[in-house]
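In what follows, a single structure is set out as structure tokens and then discussed.
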Amino acid sequence: MSHLFKFKRQEEAEYSATRESGLTAWLHKLHVGVAMKLGLMLVACIGVLLVGASFLLSNYLSTQLESNALEVLRSNTRIFHNNILTEYKRVTRDAERYSNVYINNYQNMSSVPLHSMDAEPLKALLNDKSINAHFTELTSVFASTFVREGDQFVRVSTSLQGKEGRIATSTVLSHDNPALAELARNKPFTGVVVLYGKQFISHYEPIADKYGQVVGAVAIGFDVKLALQPVIKELLAVHIGEGGYAYVLDAGFNPGHMVAHPTLANQNVENITDAHGYKRYADILARKNGTIYYETVSGYGAAPRKRVSVFEHIEGINWIIATTSYVDDVAKSSNLVRNSLLLFSVLLMPVILLLIAGTSRILISRRLNNVLKVSQSIAQGDLSVDVHVDHNDEIGDLLSANEKMRASLHALVGEVVSHAHHVHEAALNITEAVDGQASTSVETSSSVAEITSTMEELSASSTQIAEHSRAVVDIANVTLEDCNKGSDSMGELLTRMADIDSDNQQSMREIMMLGNKSKEISRVMVIINNVADQTKLIAFNAALEASSAGESGKRFSVVAAEIRRLADSVTESTFEIENKISEIQNSINRLVLNAEKGSNSIKAGTKACKVSADRLHDIVATAEQTSTAAMQISLSTQQQKTASNQVVMALREIVVASNYTSQSIKDILSISQDMTQLSKELNQATGSFKLTDNPDDPT
């Protein structure tokens with residue numbers, strides 16, 4: 001037995017020597033107390049944890065903040081893009097509306113519809129230059145009239161100025177103008193055209209004769225920069241973070257020309273490079289949609305700073321809208337948190353070390369010295385030492401254990417025999433328990449298999465939920481698209497209301513003209529009454545002359561009487577006509593009052609439509625937020641699906657592990673049987689010990 005104990009202590013010593021490496025070996029070499037070693041280890045662990053947590057938290061915050069900032073840039077770019085596109089569409093609709101008004105001015109000068117006229121009278125009508133001047137004076141809108149000569153369209157009247165500042169009459173529509181081919185096919189054209197070095201949002205409308213042949217055209221245009229100036233000012237007023245801003249880049253008419261920028265407006269920026277020679281604006285022109293990263297230097301001697309730019313292409317006008325910001329703006333918060341945690345850790349470490357060292361010295365070091373003295377006395381054979389248990393803790397338990405060890409050494413060998421017998425019985429019980437545990441392990445394995453099946457069904461349900469959430473995202477996107485269509489319809493309604501208001505004003509002017517005509521008729525009736533009075537006087541004089549003529553003047557007197565009756569009849573008729581004209585004038589006055597009331601109602605309806613349009617824009621913004629939330633829900637369900645799959649895989653691994661456990665229990669059963677055999681042999685071995693001088697003593 002003593003040989004067996006020595007062998008085990010030798011193995012434990014070798015194992016301990018192997019474990020003494022690294023930080024533990026260094027601590028063992030330090031000639032300081034346990035309290036100080038414990039304090040150093042705890043401070044080192046706490047410091048590592050705090051520093052690691054600081055860096056992990058700052059990296060996580062930096063990643064999240066950068067992602068959020070990039071999403072904000074994308075959202076701002078999308079909003080600016082929609083604002084410019086909406087304004088462009090509004091100006092396009094205005095051009096079409098003004099074109100109809102402009103053509104109506106020509107129609108008012110003709111007694112027959114324009115499409116029913118021959119070519120030559122229609123050309124002569126289009127050559128009237130007074131309409132263009134009057135229209136431009138009233139609307140301040142660029143307008144031109146063309147007359148077709150062969151394959152060319154010649155400007156006969158226009159408010160457009162040429163290169164030298166002169167009115168560009170007698171000029172032809174250039175072949176590179178996209179409207180030329182459409183006008184030749186008797187089709188209108190609406191879009192952006194370039195005229196004398198400027199971009200115009202224009203509408204061209206062909207004018208054909210009664211045979212359908214195009215004999216001319218009219219054009220209405222708005223200067224692009226002037227028409228979109230309000231929305232560009234709003235764009236330049238936006239600031240994103242410390243150095244973020246938005247800008248507009250021309251990608252069609254003058255590629256690389258900066259339309260709007262805080263510092264580079266009206267410059268060609270295609271060849272501008274960053275700190276590493278990267279031509280970012282040239283790349284934006286090539287890609288038109290996307291996100292780029294680049295570095296810039298803010299001043300002489302300053303270090304390069306990384307920026308991010310999100311840009312989108314605007315169809316029709318062929319512009320690129322972009323927003324940009326410094327990348328390190330979003331990392332300031334995470335760096336501040338990390339530096340604060342590091343500073344707090346550095347200041348906290350000495351305090352923790354002092355507290356741990358002082359507390360450990362009082363509660364551990366002094367009491368361990370007492371335990372050491374007691375253990376040394378017992379090791380030297382002095383079993384009479386007084387062991388005093390001072391606290392109910394681990395060290396107190398150690399002192400109590402020393403006391404029990406001292407009291408139990410006398411009966412140790414005698415009890416070995418009894419314990420060997422009990423070990424034998426316990427080994428038998430262990431064998432039976434392990435056998436039962438083996439059957440329980442089999443049942444546990446079956447239960448885990450059932451749980452695995454249930455989790456697989458749950459994973460399938462998670463997959464269905466993820467698919468439905470994707471469907472919700474699609475519905476939210478459709479809702480957003482419908483809201484945008486509703487906004488466009490409301491804009492068209494506003495245009496129609498403006499047309500109604502214009503038509504109502506035209507009707508009022510026509511009614512006023514009708515009133516003026518009725519007054520002129522009244523003046524004519526006064527002239528007719530005067531003529532009738534003169535006629536009656538002449539007839540009276542003729543009757544006097546006829547009566548003085550005697551028998552030969554009787555016939556003439558009859559004619560004079562008839563003329564007098566005719567004059568009386570005319571006087572009565574003019575009196576009735578004057579009454580009717582008075583009634584017509586009263587009706588016209590009532591029509592004017594009603595037209596004014598209708599005009600006020602139309603203006604109120606237009607104002608209500610504008611309010612509805614603003615509210616519909618708010619609904620569009622809310623629909624965009626709904627779409628974003630639906631996308632977040634879809635991402636969460638995808639993560640839940642992944643988590644369910646991971647749980648299923650883990651349960652499958654548990655099933656495999658339970659099978660291994662069952663096999664291990666069988667191995668333990670075999671070992672317990674061997675242990676039973678060894679306990680029998682131990683009983684036989686302890687029977688040879690002599691514990692007292694009396695061989696008959698059973699102890």
Side-chain angles (χ1 to χ4, degrees), residues 84-109 114 125-147 153-163 165-174 177-180 182-183 188-207 216-233 253 259 316-317 491-506 509 602-603 606 610:
I84 294 178
L85 189 59
T86 301
E87 187 69 13
Y88 168 71
K89 291 181 179 179
R90 184 192 66 78
V91 175
T92 301
R93 290 192 296 269
D94 287 346
E96 295 176 358
R97 183 166 57 86
Y98 277 113
S99 177
N100 293 331
V101 174
Y102 188 54
I103 293 176
N104 287 335
N105 289 334
Y106 283 103
Q107 181 64 64
N108 292 334
M109 296 183 61
L114 298 181
L125 179 63
L126 294 177
N127 275 284
D128 190 344
K129 298 179 175 58
S130 61
I131 294 178
N132 181 280
H134 180 67
F135 179 79
T136 303
E137 180 181 356
L138 292 177
T139 62
S140 300
V141 177
F142 145 69
S144 295
T145 303
F146 298 87
V147 172
F153 286 83
V154 181
R155 290 184 181 86
V156 295
S157 64
T158 182
S159 57
L160 180 67
Q161 293 184 351
K163 295 181 179 180
R166 298 178 180 177
I167 301 300
T169 55
S170 302
T171 58
V172 297
L173 192 64
S174 61
N177 193 313
L180 181 61
E182 298 296 324
L183 293 176
F189 170 80
T190 302
V192 178
V193 298
V194 179
L195 300 174
Y196 297 103
K198 291 184 178 180
Q199 285 183 298
F200 291 89
I201 301 175
S202 303
H203 177 77
Y204 289 78
E205 188 73 28
I207 297 179
V218 296
I220 298 296
F222 295 87
D223 191 319
V224 171
K225 291 185 178 180
L226 295 178
L228 302 181
Q229 190 66 27
V231 70
I232 292 177
K233 287 183 177 179
F253 168 60
V259 179
I317 197 171
E492 185 175 357
L493 177 59
L494 284 172
T495 303
R496 298 304 180 191
M497 289 296 295
D499 293 339
I500 292 172
D501 188 24
S502 177
D503 295 337
N504 184 66
Q505 295 295 330
Q506 182 66 25
R509 288 194 293 270
I602 290 170
K603 292 179 179 178
T606 303
K610 290 181 179 179

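Counting from 1, the numbers follow the sequence of the chain as shown.
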Exercise for the section: Verify side chain to side chain contact (heavy atoms under 4.5 Å, CB included) between I201 and V224, making sure each step is shown before the conclusion. Expected result: CA-CA 6 Å; I201 301 175; V224 171; 3.7 Å; yes
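- P230 pairs by the side-chain contact (heavy atoms from CB on, under 4.5 Å) definition with nothing, not counting sequence neighbours.
- Remark: T190 engages T92, E96, H203 in a side-chain contact (heavy atoms from CB on, under 4.5 Å) (not counting sequence neighbours).
- Residues satisfying the side chain to side chain donor-acceptor pair (under 3.5 Å) criterion with S144, sequence neighbours excluded, are T158.
- R93 is linked by a side chain to side chain donor-acceptor pair (under 3.5 Å) to nothing, counting only residues two or more places apart in sequence or in another chain.
- With hydrogens and angles disregarded, a donor-acceptor distance shorter than 3.5 Å links the side chain of S159 to the backbone of A143.
- Qualifying salt bridge (charged side-chain N to carboxylate O under 4.0 Å, His left out) partners for E87, counting only residues two or more places apart in sequence or in other chains: R90.
- Under the side-chain contact (heavy atoms from CB on, under 4.5 Å) criterion, L226 pairs with D223, not counting sequence neighbours.
- In this structure, F189 has no ring pair (Phe, Tyr, Trp, His ring centres under 6.0 Å) partners at least two apart in sequence or on a different chain.
- Looking at residues two or more places apart in sequence or on another chain, you find a side chain to side chain donor-acceptor pair (under 3.5 Å) between S174 and D176.
- Annotation: salt bridge (charged side-chain N to carboxylate O under 4.0 Å, His left out) contacts of R97 (sequence neighbours excluded): D94, D499.
- None of F142, F200, Y102 except one satisfies the side-chain contact (heavy atoms from CB on, under 4.5 Å) rule with I220; the exception is Y102.
- Scanning for side-chain contact (heavy atoms from CB on, under 4.5 Å) contacts around L125 gives Y106, M109, S110, L114, M117, with sequence neighbours left out.
- Under the ring pair (Phe, Tyr, Trp, His ring centres under 6.0 Å) criterion, Y204 pairs with no residue at all, not counting sequence neighbours.
- For D128, the side chain to side chain donor-acceptor pair (under 3.5 Å) partners two or more places apart in sequence, or in a different chain, are S130.
- The nearest pair of heavy atoms linking G191 to Y88 is CA-OH, 4.0 Å.
- Checking T145, L183, V218 one by one against I207, the side-chain contact (heavy atoms from CB on, under 4.5 Å) holds for a single residue, V218.
- In terms of heavy atoms, E182 sits closest to P188 at CB-O, 4.1 Å.
- The minimum heavy-atom distance between I317 and Q199, with the atom names listed, is O-NE2, 4.4 Å.
- Between A95 and S202, the shortest heavy-atom distance links the atoms CB-C, 4.5 Å.
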